Amino acid sequence: MTDKTSQDRVVIFDTTLRDGEQSPGATMTHEEKLEIAEMLDEMGVDIIEAGFPIASEGDFEAVTAIAKQAKQSVICGLARANFKDIDRCWEAVKHAKRPRIHTFIGTSPLHRAIPNLDMDQMAERIHDTVTHARNLCDNVQWSPMDATRTEHDYLCRVVEIAIKAGATTINIPDTVGYTAPRESADLIRMLIEKVPGADDIIFATHCHNDLGMATANALAAVEAGARQIECTINGLGERAGNTALEEVVMALKVRNDIMPYQTRIDTTKIMNISRRVAAVSGFPVQFNKAIVGKNAFAHESGIHQDGMLKNAETFEIMRPQDIGLAGTSLPLGKHSGRAALRSKLNDLGFDLADNQLNDVFVRFKALADRKKEVFDEDIIALMSDQASEGADDHLQVKFLRVICGTEAPQSADLILTVDGKDQQVTAQGDGPVDATFNAIKRLFPHNARLALYQVHAVTEGTDAQATVSVRLEEDGKIVTGQSSDTDTVVASAKAYISALNNLIVRRAKTKPEEFKSVS
Ligand code: KIV
Ligand code: ZN
């Protein structure tokens with residue numbers, strides 16, 4: 001029995017747990033491998049290469065356990081071209097409902113030199129090992145490692161030997177990521193045309209990404225007749241990695257008009273498994289990675305956000321939901337326009353008139369100039385700050401500069417507008433906040449006690465906005481003030497001043513006859 005599929009079907013062979021795990025530092029635990037294998041099985045991966053059973057006891061146990069747990073997928077193990085490797089591989093995969101042995105040997109001149117075999121000796125080794133594998137298992141894959149740097153005549157010769165010995169899939173690896181799309185296609189076409197028996201087996205493509213062409217090379221091979229794509233989640237793998245599963249699968253889905261091939265993959269599971277593989281392998285996904293990068297469905301510039309709000313197809317060629325994301329992200333930043341800000345404010349429950357939006361937009365731009373990304377919490381903080389900062393406040397912070405660091409005392413240079421008049425002072429303190437509060441007390445003397453001072457980082461990152469809450473108590477009366485800023489000391493000063501403004505209002509309400517001047 002072969003895996004020969006119909007002409008428009010491409011089978012997906014995932015090697016995250018074997019080639020992917022070979023990335024330096026990407027080792028996964030036994031439980032993590034089982035979890036990833038289950039996710040691959042559930043998302044419709046046709047063949048899971050679960051490991052290299054002879055490599056270690058741990059690999060053997062993982063492949064065995066994955067073979068036992070698999071529901072749909074074929075479970076494959078890797079073996080070098082010797083009987084011991086192949087036997088060990090079979091011991092592990094034989095528990096699967098649908099097992100496969102994958103055996104390989106390096107066929108290029110550089111790789112033939114390593115076991116010191118001449119062409120004939122290697123041909124004989126291939127015949128013997130594939131025959132041995134086929135006697136154990138009716139599903140055998142054979143790979144001439146470094147095929148793209150192997151002499152064409154010799155490649156045809158050894159592929160023919162492997163097919164005659166019983167291989168059901170012939171994989172053509174571009175082991176060092178050296179080929180280019182046209183060459184990748186020509187090689188598959190040449191093999192299909194020249195090798196007797198080629199029509200009875202499946203050709204696979206296995207591309208490494210050293211020149212960034214792995215996905216393009218794999219798709220070119222498919223167009224030339226390959227019907228199995230070998231790939232990994234997030235493109236994990238040796239050096240620059242492998243063809244990324246999510247890239248080939250989505251390319252075939254989105255451009256089905258020019259590449260009319262189907263896969264069984266449930267693409268809505270892509271994001272989930274990508275995140276899980278990133279977490280367990282310790283290889284984070286680069287922000288601008290195709291399909292699964294954090295920015296793959298994020299639009300920041302005003303023109304793009306405006307277009308997206310009117311019609312998502314203006315700047316998206318696939319829906320985020322297709323890969324399991326909730327939706328597009330329109331992160332607000334310094335390039336965002338009014339339309340995106342209004343839409344975000346509406347989402348957050350603020351419905352502003354045009355003139356109000358203009359005011360907020362000015363403040364938002366000032367904030368975005370200081371912060372890389374403006375989060376929902378920043379917008380909420382901006383709105384509550386807007387509401388709490390009245391033009392008729394008696395006290396306003398006009399200027400603040402603090403000097404702080406390892407050398408005490410810290411000092412604050414402050415200009416306060418007190419009832420319309422600017423007043424300036426420099427004060428010292430035990431830390432920048434203490435110095436600032438001392439400066440405020442010098443310009444606006446009062447007996448209120450600081451009952452609470454609290455700082456919250458409302459967003460992520462070192463450029464997060466801080467929201468500061470200050471509570472003052474005077475003669476049993478409590479007032480509070482709150483402010484947000486990317487500068488914690490500025491937020492502290494404004495929060496203190498806001499509390500004092502509330503105190504002044506409170507004093508005026510309780511003893512109106514005494515309220516002539518704030519100072
Ligand atoms: O890249 C490669 O050649 C491989 C083989 C073992 C198939 O991973
Ligand atoms: Zn590889």
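In listed order, ligands and their atoms are each counted from 1. Heavy-atom basis, side chains included; hydrogens, waters and symmetry copies ignored. Computed from a prediction, not measured in an experiment: that's the story for all the values here.
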Open item on the list: Working note: Thr15 + Glu230, criterion side-chain hydrogen bond (donor to acceptor under 3.5 Å, both in side chains); need CA distance, chi angles, decisive distance, verdict.
Closed with: CA-CA 7 Å; Thr15 182; Glu230 307 212 355; 5.8 Å; no
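Proximity to His208 (heavy-atom distance under 4.0 Å) selects the following atoms of ligand 1: 1 (O).
If you look at Arg239 next to ligand 1, there are no close heavy atoms at all, none under 4.0 Å. Contact annotation: for Glu230 versus ligand 1, there are no heavy atoms closer than 4.0 Å.
Considering both main-chain and side-chain atoms, Asp19 comes within under 3.5 Å of ligand 1 through a nitrogen or oxygen pair. Any N or O atom pair closer than 3.5 Å counts here, and Ser143 shares no such pair with ligand 1. The shortest N or O to N or O distance between His206 and ligand 1 is under 3.5 Å. Looking at Arg18 next to ligand 1, an N or O pair under 3.5 Å apart turns up.
Using a 4.0 Å cut-off between a side-chain N of Lys or Arg and a carboxylate O of Asp or Glu, Lys310 and Asp306 qualify as a salt bridge. Electrostatic pairing of Arg88 and Glu57 counts as a salt bridge here, judged by a charged N lying under 4.0 Å from a carboxylate O. A salt bridge does not link Arg276 with Glu32: none of the charged nitrogens is closer than 4.0 Å to a carboxylate oxygen.
Looking only at distances, no side-chain donor or acceptor of Ser343 sits under 3.5 Å from a matching main-chain atom of Ala339. Checking side-chain atoms of Asp41 against main-chain N and O of Ser73 turns up a donor-acceptor pair under 3.5 Å.
Nearest to the Zn ion (ligand 2), among the N, O or S atoms that Asp19 has, is OD2.
Remark: at the Zn ion (ligand 2), atom NE2 from His206 and atom NE2 from His208 enclose 100°, rounded to the nearest 10 degrees.
Within the 4.0 Å heavy-atom cutoff, Glu238 does not count among the residues contacting ligand 1.
The number of heavy atoms from other shown groups lying within 6.0 Å of CD (Glu313) does not exceed 12.
Cation-pi geometry between Arg112 and Tyr154 is satisfied (NZ or CZ under 6.0 Å from the ring centre, within 45° of the ring normal).
Scanning the protein heavy atoms around atom 3 (O) of ligand 1, the nearest turns out to be Thr175 OG1, 2.6 Å.
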